[in-house]
Engineer: 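Take a look at the following structure, please.
So that the names make sense, note that chain A is the first sequence line, chain B the second, and so on, each numbered from 1.
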Number of protein chains: 2
Amino acid sequence: MRLTTRGRYAVTAMLDLALHSEKRPVSVAEISERQTISLSYLEQLFASLRKAGLVDSVRGPGGGYRLVGTTDLICVADIIKAVNESIDSTNCGGKGDCQGGSICLTHNLWDDLGRQIAGFLSGISLADLVAKRDVQTIANRQVDQLLTLEDNNVRAKAC
Amino acid sequence: MRLTTRGRYAVTAMLDLALHSEKRPVSVAEISERQTISLSYLEQLFASLRKAGLVDSVRGPGGGYRLVGTTDLICVADIIKAVNESIDSTNCGGKGDCQGGSICLTHNLWDDLGRQIAGFLSGISLADLVAKRDVQTIANRQVDQLLTLEDNNVRAKAC
DNA sequence: AAGTACTTGACTATTTTAGTAGGGTATTAG
DNA sequence: CTAATACCCTACTAAAATAGTCAAGTACTT
Ligand code: FES
Ligand code: FES
C-alpha cells in the first residue's frame with residue numbers, strides 16, 4: 001500500500017466538499033484556501049475524482065464541485081482508490097509472482113494486510129467523518145481563520 | 001504509512017531465519033540466494049535489524065545471523081519498525097500540526113488507520129507465519145530449487 | 001595464517017511525489 | 001454581447017525516497 005499526501009489531500013478535499021457544498025457548488029480555489037493545498041495540485045486530484053464519478057462539476061461563475069450522491073454512500077477507500085491507483089500491499093500486485101514467477105514467502109501476509117486496511121477504510125463514510133465532533137471543531141476554525149484573513153486584506157486595501 | 005520492498009524484504013529475511021537458523025547461524029549469502037534478494041541490500045537491512053536487537057551475528061567461517069529470542073516473541077510490526085522507521089500514517093508524524101501549526105481535518109482518521117495497521121501487524125509473530133501450511137510449502141520449494149541449482153553448477157564444473 | 005563472513009560508508013540510478021506553468025473551454029452575470 | 005469566472009488539460013520540473021552497487025575494511029574460526 002502507499003498512502004501519500006495525494007490520498008490524504010483527496011480525502012481532505014472531499015470532506016471539505018461534504019461540509020460546504022450543501023447550498024452551492026464549492027470552487028477549487030475555496031478548498032485550496034481553506035485546506036491550504038496547492039490549487040493546481042488540487043485540480044489534478046479533482047480530475048481523478050471526477051473520472052471516478054465521485055464528484056460533479058458546474059462550470060462558469062458561481063460554479064465549482066459537488067458530491068455525487070449522499071455523504072453516507074462515499075467511503076474513504078473509494079476516494080483513495082480514485083486518486084491512488086490501489087490499496088494493495090503486495091509487491092506483485094496480487095499476482096503472486098514475486099520470486100521469478102513463483103509466489104514469495106510473505107505474499108499471503110501482505111495480501112491479508114491489504115484486506116484488513118481495505119476493510120477499515122471501506123467502513124468509514126464521509127457522513128461518519130462529518131458527524132465527528134473534532135471534525136466540526138476544526139472546520140469551524142478553518143472558516144473563522146479565512147474570514148479574519150479576508151477582513152485583514154480588506155483593511156489593508158483601505159489603507 | 002509506507003510499506004515498501006524494504007519492509008517486505010526484512011520480514012521475508014526474518015522468516016527465512018526462523019525457518020533455517022535452528023541448527024546453525026544462517027549467512028546473508030544463503031538468504032540472498034534462497035529469497036532472491038540483492039546481497040548488499042540485505043546487508044543494509046540486517047544492520048538495522050541488529051541495531052534493533054532482533055538478530056544476533058556470529059562472525060567467521062560457519063557464522064551468520066540468528067534470531068534473538070524465540071519466534072513467538074518477534075512480531076511483524078517490530079521488524080517493519082526496525083527497518084522502516086515508522087508505521088505512522090499521518091502526514092505530520094503524529095504531531096497534529098499539518099496545517100500551519102494547527103491540526104488538519106483528517107489527522108484523526110490517519111491516526112486511527114495507523115493504530116489499526118499496527119494492531120494487525122503486532123498480532124502476527126514469526127511463529128504464526130512458520131506454522132502456516134503455505135509458508136512451509138513455499139519454503140520447501142525454495143530449498144529444492146537451490147539444491148538443483150547447485151547440482152547443475154557442479155555438473156557444469158565437471159564438464 | 002588464511003579464508004570466511006560480518007561491518008561500514010559512500011555513491012548512483014530509477015522512480016515517485018509534489019508542485020508549477022500555461023494554456024485552453026464552457027458558462028453566466030451584468 | 002462580453003468579460004469575468006471557474007473548470008479542464010497537458011507538459012514540465014525539483015526534490016525526495018527507493019533499490020541497489022561498490023569497495024574497503026574488521027573480527028573470528030579453522
Ligand atoms: S508479494 Fe506477491 S508474490 Fe511476493
Ligand atoms: S496529518 Fe496530522 S495534522 Fe494533518
Engineer: Give the rounded distance in Å between these two atoms: CZ of B:R50 and C1' of D:dT26.
Structural biologist: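 Whole-Å distance recorded here is 12 Å.
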Engineer: Specify the separation, in whole Å, of atom CD1 of A:I31 and atom P of D:dC7.
Structural biologist: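 Going from A:I31 (CD1) to D:dC7 (P), I get 8 Å.
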Engineer: How many Å lie between CG on B:L42 and C1' on D:dT18, as a whole number?
Structural biologist: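 It is 15 Å, rounded to the nearest whole Å.
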Engineer: Check the distance between C:dC6's C1' and B:D56's CG and give it to me in whole angstrom.
Structural biologist: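 About 12 Å, once rounded to whole Å.
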Engineer: Without swapping roles, check the side chain of A:Q142 against the backbone of A:Q35 for a donor-acceptor pair under 3.5 Å.
Structural biologist: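 Absent.
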Engineer: Take atom NZ of B:K51 and atom P of C:dC6, then tell me their distance rounded to the nearest Å.
Structural biologist: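 After rounding, the reported distance stands at 17 Å.
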Engineer: Would you say a side-chain N or O of A:S27 is under 4.0 Å from OP1 or OP2 of D:dT5?
Structural biologist: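 No, outside the criterion.
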Engineer: Treating B:T90 as the side-chain partner and B:G94 as the backbone partner, does any N or O pair qualify as donor plus acceptor under 3.5 Å?
Structural biologist: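 Indeed, once roles are kept as given, a pair shorter than 3.5 Å links the two residues.
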Engineer: Would you confirm whether A:T137, through its side chain, and A:R133, through its main-chain N or O, come within 3.5 Å as a donor-acceptor pair?
Structural biologist: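 At least one qualifying donor-acceptor pair exists.
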Engineer: Measure from the side-chain N and O atoms of B:T12 to the backbone N and O of B:R8, and report whether any donor-acceptor pair falls under 3.5 Å.
Structural biologist: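 Yes; judged by distance alone, with no hydrogens or angles, the pair exists.
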Engineer: Over how many whole Å does the gap from B:E30 atom CD to C:dA5 atom P extend?
Structural biologist: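 After rounding, the gap between these two atoms is 9 Å.
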Engineer: Toward the 5' end of DNA chain D, which comes first, A:G63 or B:P61, by nearest nucleotide?
Structural biologist: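 Between the two, 5'-proximity favours A:G63.
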Engineer: Is there a donor-acceptor pair under 3.5 Å between the side chain of A:D128 and the backbone N or O of A:S125?
Structural biologist: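 Yes.
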Engineer: Are the side chain of B:R141 and the backbone N or O of A:I103 linked by a donor-acceptor pair below 3.5 Å?
Structural biologist: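 Yes, because the side chain of B:R141 sits within donor-acceptor range (under 3.5 Å) of the backbone of A:I103.
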Engineer: How would you summarise protein contacts on nucleotides 13-24 of chain C per nucleotide, using B for base, S for sugar-phosphate only and - for none, with heavy-atom distances below 4.0 Å?
Structural biologist: ----SBBB---B
Engineer: Could you give the CZ-to-P distance, from A:R24 to D:dT5, as a whole number of Å?
Structural biologist: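 Taking atom P of D:dT5 as the reference, CZ of A:R24 is at 16 Å.
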Engineer: Taking B:F120's backbone N and O only, do any of them form a donor-acceptor pair with A:Q116's side chain (distance below 3.5 Å, no angle check)?
Structural biologist: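 No, A:Q116 side chain to B:F120 backbone: no donor-acceptor pair under 3.5 Å.
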Engineer: Has B:T106 got a side-chain atom pairing as donor or acceptor with B:L109's backbone, closer than 3.5 angstrom?
Structural biologist: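 Between the backbone of B:L109 and the side chain of B:T106 there is no qualifying donor-acceptor contact (under 3.5 Å).
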Engineer: Atom OH of B:Y65 and atom P of C:dT4: how far apart are they, to the nearest Å?
Structural biologist: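 In whole Å, C:dT4 P lies 18 Å from B:Y65 OH.
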Engineer: Restricting to non-hydrogen atoms, name the atom on A:V83 and the atom on A:S48 that form the minimum distance, rounded to 0.1 Å.
Structural biologist: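 In terms of heavy atoms, the two residues are closest at CG1-CB, 4.0 Å.
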Engineer: Angle, rounded to 10°, between the helical axes spanning five pairs at each terminus of the helix from C:dA1-D:dT30 to C:dG30-D:dC1?
Structural biologist: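 One end's axis against the other's: 10°.
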Engineer: Please classify the nucleic acid contact of A:F46 as base, sugar-phosphate, or nothing, using heavy-atom distances under 4.0 Å.
Structural biologist: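 Nothing, no heavy atom under 4.0 Å.
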